[in-house]
Amino acid sequence: MRRVPLSKPFIDGEIRQAILDVLDSGRFILGPQCQQFERELARAAGRKHAVLSSSWTAAVFLLHQAMGLGAEDEVIVPAHTAFPSIEPMLHCGARPAFVDIDDTFCIDPDLIEAAITPRTVGILPVHLYGHPADLDRIVEIARRHNLWVIEDCAQAHGALYKGRPVGSIGTAAAFSFYPSKNLTVLGDGGCILTDDDAAAERVRMLRDHGRRTKYTHEVAGFNLRFNEIQAAAGRVGLRRLEQLNAARRAAAARYRARLHGVVELPGQREWALPVFHMFVIRSARRDELAHFLKQRGVETGIHYPVPNHLQPAVTAKYRGLPALPRTEQIVREILSLPIHGQIGLDEVDYVSDCIIEFSRSN
Ligand SMILES: *Cc1c(COP(=O)(O)O)cnc(C)c1O
């Protein structure tokens, strides 16, 4: 039987060689590969600073610390996202103020202002599945209310919002390089981007035991550094990103053409150039469809079955969270189909044929 994986990290000969070269270099942590990778990541988004850390979660935790996020502060965030989107703020004692989504699965800008209170300090939009959130509207609301904006770009490397790269527009932004993401370091990794010199410096200091020079610890920090082997792999991946994203877009276009009128397709704005970290359809019989596809060798996923305002880690701590009707509806219907930078259109056709067969036979 044919097997179609949900995702697949990109590894080629150049990546293997880059890793071997690091083994011979004798440098393993925060060396020249990390510095180069940071410069290249900053340049790709037209930002002054990129600061690498051991994951998105670690990088954003350090950023929140650097910005002084604290207890009683509230942060506006969609509930329909990966749990780690809110984990760093929970560790700072801040309260997530959950907002519902629109048909692009991103935060609905029309609902943001109603969630603002005197305690609100920032907005954390998520470019979910590689489709940019409506940043101009979000930034405009943030300016009017004196809030920061941190873009969660974990699923959106290389996506464009009105021609501008995501990660270049908010007060700061954060990327993940986890193996399934569009740009990976073949393990855990993440970074923040910002133009704020002081915040970047503070994150650099906190990730490395609170020091700027070897033996002077200005504050108690952490060890949340990044390493040379993975930076070298990431640098090659960054050079391949455009090509891998183009393959994802071609696969998405094929899914759209084949599945039009068969299942509910993801919404897309005319100003968005998405990068399809996931291709997420909706079906009233999602669980049956997933089972049908599994029997035919097609791996699928649900991102995410339990929204964050209903996660035990959140409900145990916070009372009076709002109901989010769209989020609560779509989590029962969403299904992520196979998509990655090396997927063949024959694989997309096979998956589409299976879905069409399911819809005809039922
Ligand atoms: C993967 C992901 C994260 C967390 O990234 P890590 O590097 O695993 O910490 C955060 N937000 C979103 C939207 C993600 O997809």
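Values reported hereafter were calculated over all heavy atoms of this structure, with side chains retained and with hydrogens, waters and symmetry mates removed. Nothing fancy with the numbering, it's 1 onward along the sequence. Both ligands and their constituent atoms are indexed starting at 1 by order of listing.
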(request) Identify whether the distance between the nearest side-chain nitrogen and carboxylate oxygen of Glu333 and Arg285 falls below 4.0 Å. (result) no

(request) Using a strict 4.0 Å threshold on nitrogen-to-oxygen distance, state whether Arg235 and Glu40 make a salt bridge. (result) yes

(message) Exactly one of Asp102, Asp108, Asp110 should register a salt bridge (Lys or Arg N to Asp or Glu O under 4.0 Å) with Arg326. Which one does?
(response) Asp108

(message) Does the Lys NZ or Arg CZ of Arg2 fall within the cation-pi geometry relative to Tyr350 - under 6.0 Å from the ring centre and within 45° of the axis?
(response) yes

(request) Could you tell me whether a side-chain N or O of Arg3 sits under 3.5 Å from a main-chain N or O of Arg296, the two making a donor and an acceptor? (result) no

Identify all pairs of nitrogen or oxygen atoms, one from ligand 1 and one from the protein, separated by less than 3.5 Å, and list them with distances.
unit_1   : atom_1 : unit_2 : atom_2 : d
ligand 1 : 5 (O)  : Ser176 : OG     : 3.3
ligand 1 : 7 (O)  : Trp56  : N      : 2.9
ligand 1 : 7 (O)  : Ser176 : OG     : 2.7
ligand 1 : 9 (O)  : Trp56  : N      : 3.4
ligand 1 : 9 (O)  : Thr57  : N      : 3.0
ligand 1 : 9 (O)  : Thr57  : OG1    : 2.5
ligand 1 : 11 (N) : Ser85  : OG     : 3.4
ligand 1 : 11 (N) : Asp152 : OD1    : 3.4
ligand 1 : 11 (N) : Asp152 : OD2    : 2.9
ligand 1 : 15 (O) : Gln155 : NE2    : 2.8
ligand 1 : 15 (O) : Lys181 : NZ     : 2.7

Pairs of donor and acceptor atoms involving the side chains of residues 57-80, under 3.5 Å and at least two apart or interchain, shall be tabulated with distances.
unit_1 : atom_1 : unit_2 : atom_2 : d
Asp73  : OD2    : Gly70  : N      : 2.8
Glu74  : OE1    : Thr117 : OG1    : 3.0
His80  : NE2    : Tyr129 : OH     : 2.9

